[in-house]
Amino acid sequence: MAASGVVSIVSLWIFWRKQPVGHLRWDGEQWHWSASAAPLQAVSIQFDFQSSLWVVLRTHDRQRIGLWLDEDPEDPCNWRALRRALVGSQGLAVSPLASEDRWAA
């Protein structure tokens with residue numbers, strides 16, 4: 001029992017240490033990841049815990065990158081802006097016709 005706990009903790013530590021580091025930026029139309037030259041194809045929220053998010057980035061070459069994003073307690077305004085952009089951009093993955101139908105009165 002204790003051995004499985006140690007293995008779990010070591011596995012989580014290794015996973016955490018291998019997490020990519022960079023900057024995620026929204027330009028109003030597309031997401032950009034500092035480690036990728038081209039804009040991202042998609043960013044999807046997998047889990048939303050308000051002060052942290054698990055997101056998956058899909059790069060132009062279809063690579064998937066999982067990121068754990070955490071709120072910076074020293075800069076909550078940027079965190080709220082990032083969350084709004086992430087949540088707002090989730091609906092942009094639909095086709096143009098579907099979005100027109102949604103807004104039709």
Side-chain angles (χ1 to χ4, degrees):
M1 181 81 160
S4 65
V6 170
V7 169
S8 296
I9 290 170
V10 169
S11 298
L12 283 171
W13 183 80
I14 291 170
F15 171 77
W16 189 262
R17 296 287 297 160
K18 290 185 175 186
Q19 282 291 289
V21 176
H23 296 281
L24 185 61
R25 181 177 58 85
W26 173 250
D27 67 7
E29 292 183 20
Q30 296 178 314
W31 285 100
H32 300 270
W33 175 245
S34 59
S36 176
L40 297 171
Q41 282 188 347
V43 176
S44 59
I45 298 172
Q46 302 300 306
F47 297 102
D48 184 349
F49 298 105
Q50 300 298 311
S51 62
S52 29
L53 295 166
W54 175 256
V55 298
V56 174
L57 314 178
R58 193 171 64 216
T59 63
H60 64 284
D61 58 355
R62 297 195 177 272
Q63 179 185 7
R64 292 176 160 255
I65 301 169
L67 293 178
W68 188 257
L69 308 175
D70 286 317
E71 178 180 8
D72 180 357
E74 296 178 11
D75 195 2
C77 290
N78 276 341
W79 175 253
R80 288 191 294 266
L82 174 66
R83 284 195 74 247
R84 282 192 304 271
L86 281 165
V87 171
S89 70
Q90 297 301 289
L92 297 177
V94 298
S95 71
L97 291 177
S99 64
E100 288 175 10
D101 291 344
R102 183 175 50 144
W103 294 109

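- Counting only heavy atoms from C-beta outward, the side chains of Asn78 and Arg80 never approach each other to under 4.5 Å.
- Note: Trp68 CH2 to Phe47 CZ = 8.0 Å, rounded to the nearest 0.5 Å.
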Point to revise | CA sep, side-chain torsions, deciding dist, call: His32, Asp27, side-chain contact (heavy atoms from CB on, under 4.5 Å) | key: CA-CA 8 Å; His32 300 270; Asp27 67 7; 2.9 Å; yes
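- A distance of 15.0 Å separates CH2 in Trp79 from CD in Glu74, rounded to the nearest 0.5 Å.
- Arg58 is not listed as a side-chain neighbour of Gln63, based on a closest heavy-atom distance of 4.5 Å or more.
- Rounding to the nearest 0.5 angstrom, the gap separating the CH2 atom in Trp31 from the CG atom in Leu57 is 9.5 Å.
- For Gln30, there are no side-chain hydrogen bond (donor to acceptor under 3.5 Å, both in side chains) partners at least two apart in sequence or on another chain.
- Applying the side-chain contact (heavy atoms from CB on, under 4.5 Å) rule to Val10 yields the partners Val6, Ile14; only residues at least two apart in sequence or on another chain are considered.
- By the side-chain contact (heavy atoms from CB on, under 4.5 Å) test, Ser34 is found to be paired with His23, residues two or more places apart in sequence or in another chain being considered.
- Taking the side chain as every heavy atom from C-beta outward, Leu40 and Leu24 approach each other to under 4.5 Å.
- With values rounded to the nearest 0.5 angstrom, Trp26 atom CH2 is found 5.0 Å from Ser89 atom OG.
- Considering SG of Cys77 and CG of Leu82, their distance stands at 13.0 Å, rounded to 0.5 Å.
- Here the straight-line distance linking atom CG of Leu67 with atom CH2 of Trp54 works out to 7.0 Å at 0.5 Å rounding.
- When each of Leu86, Leu69, Val56 is paired with Ile45, the side chain to side chain contact (heavy atoms under 4.5 Å, CB included) condition holds for Leu86 and for no other.
- At a threshold of 4.5 Å between non-hydrogen side-chain atoms, the residues Arg83 and Asp48 count as touching.
- For the pair Glu71 and Ser52, the minimum side-chain heavy-atom distance is 4.5 Å or more.
- By the 4.5 Å heavy-atom criterion applied to side chains, Ser44 and Gln90 are counted as neighbours.
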